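First the proteins, then the strands, lettered A, B, ... as listed; each starts at 1. Source: prediction; values computed, not measured.
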Amino acid sequence: MNDLTSETTFADAPSIIDPGLDPGHPRHASNPTAAALSLLDLHYEAFYDVEPFASQTGHPVPMDTRGWSQILASVLSGINGLARQKGADLADGSDVKGANTWKAIDTPRFNGVIKAGTKALTSDKIESLDVMPHLYLVLWDQTIRDTARCRIWVVRPQHDVLFRGICTNWYDKRTADEISSTNFQLHPPRRNDSNVIRNSCGNLEYPLYFCADVPTAKANVTA
DNA sequence: TGTAATTTGGGGCTCGGGAT
DNA sequence: ATCCCGAGCCCCAAATTACA
């Protein structure tokens, strides 16, 4: 077990940004930020508790970034998941994308950010963005200060002109056969403190919705 | 100083897991 | 059967560094 001391928990993290939540949203806890930090501590502990076993047995560390990201987004936003339906991740139609660089071999990125190549009516159409109030981009990485960090940026696909422009650009390239992939990827600012999220169709810069980090005293950090 | 070697980052694609 | 998802693998081009 990691006997995490008070200095090594997200709950006492040196930098926390309290997200500006939409007014009127229900909340899961009286203090969503504190709840999120508890969740992050659990995630960090689970990851680095199992990591030695994975390492010794030559297996990848079980992560389930998708699940942790979705729960975290729900805790912070107050919007639950859709328990038993296909489609969106959150009940209001919002989507959550996650990526984790901890012990990663390749450079993690947000995969399949917009709908393409499926049989859904709005697939490959900009209209697919019109039913998505928010798009949460959740990134776990390490900082140059040897801290483990979790950051979230939030896109408003219905309103953000730049984001819609990038998506239109990408969809157009697919129509024109310049892009055959159905996987629209965004590259997060891994390791550095930038808020620029990149794609060759255009770059995005968003303010942080949430950020917390914790010293990696026990973690053997490898970029 | 020009060229070769290496690093870095973006992107396509696939795999395995999970769900409906 | 279909859809969704994130990570890994491979490839390529640009940028950077090493070296003659």
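- Looking at T175(A), its side chain does come within 3.5 Å of a backbone N or O of Y171(A) through a donor-acceptor pair.
- Distance, R191(A) CZ to dT8(B) P: 12 Å, rounded to whole Å.
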request  = Would you give a per-nucleotide map of nucleotides 9-16 of chain C, 5' to 3', where B means the base has a protein non-hydrogen atom under 4.0 Å away, S means only the sugar-phosphate does, and - means neither?
outcome  = BB------

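- Nearest nucleotide to the side chain of K97(A), out of dG8(C), dC5(C), dC4(C): dC5(C).
- Protein atom CG of D89(A) is 12 Å distant from nucleotide atom C1' of dG6(C), rounded to whole Å.
- Considering only side-chain N and O atoms, K103(A) lies nowhere under 4.0 angstrom from the phosphate OP1 or OP2 of dA7(C).
- We find that CG of N111(A) is positioned 14 Å from P of dG10(B), with the value rounded to whole Å.
- W170(A) places its CH2 atom 11 Å from the C1' atom of dG12(B), with the value rounded to the nearest Å.
- Per the geometry, CZ belonging to F184(A) stands 12 Å off C1' belonging to dG10(B), to the nearest Å.
- Qualifying salt bridge (charged side-chain N to carboxylate O under 4.0 Å, His left out) partners for R149(A), counting only residues two or more places apart in sequence or in other chains: D141(A), D193(A).
- A ring-centre distance under 6.0 Å is not found for F47(A) and W140(A).
- The shortest distance between the side-chain N/O atoms of T65(A) and the OP1/OP2 oxygens of dA7(C) is below 4.0 Å.
- No donor-acceptor contact under 3.5 Å links the side chain of N100(A) to the base of dA7(C).
- Rounded to a whole Å, the CZ atom of R190(A) is 10 Å from the C1' atom of dT8(B).
- Place A116(A) and P108(A) on DNA chain C by their nearest nucleotides, and A116(A) ends up nearer the 5' end.
- Checked by atom type, the side-chain pair Y206(A)/D160(A) shows a donor-acceptor distance below 3.5 Å.
- For V50(A), the side-chain contact (heavy atoms from CB on, under 4.5 Å) test picks out V61(A), P62(A), with sequence neighbours left out.
- Candidate nucleotides dG10(B), dG6(C), dA7(C) were compared by shortest atom distance to the side chain of R66(A), and dG6(C) ranks first.
- Side-chain proximity of M63(A) to dG12(B), dG9(B), dA7(C): nearest is dA7(C).
- Legend: residues meeting side-chain contact (heavy atoms from CB on, under 4.5 Å) with R66(A), ordered by chain and number and at least two apart, are D64(A), Q70(A).
- Closest to the side chain of S181(A), from the set dA7(C), dC4(C), dG12(B), is dG12(B).
- Shown here are the side-chain contact (heavy atoms from CB on, under 4.5 Å) partners of S55(A), two or more places apart in sequence or in another chain: E51(A).
- Map T107(A) and Q185(A) each onto its nearest nucleotide of DNA chain B; the residue landing nearer the 5' end is T107(A).
- Here the nucleotide nearest the side chain of D95(A), chosen from dC5(C), dG6(C), dC13(B), is dC5(C).
- Distance, D64(A) CG to dG6(C) C1': 10 Å, rounded to whole Å.
- At the phosphate of dG10(B), OP1 or OP2 sits under 4.0 Å from a side-chain N or O atom of H187(A).
- Looking at residues two or more places apart in sequence or on another chain, you find a side-chain contact (heavy atoms from CB on, under 4.5 Å) between K173(A) and N169(A), E178(A), I179(A), C201(A).
- The interatomic distance linking N183(A) (CG) with dC3(C) (P) rounds to 16 Å, in whole Å.
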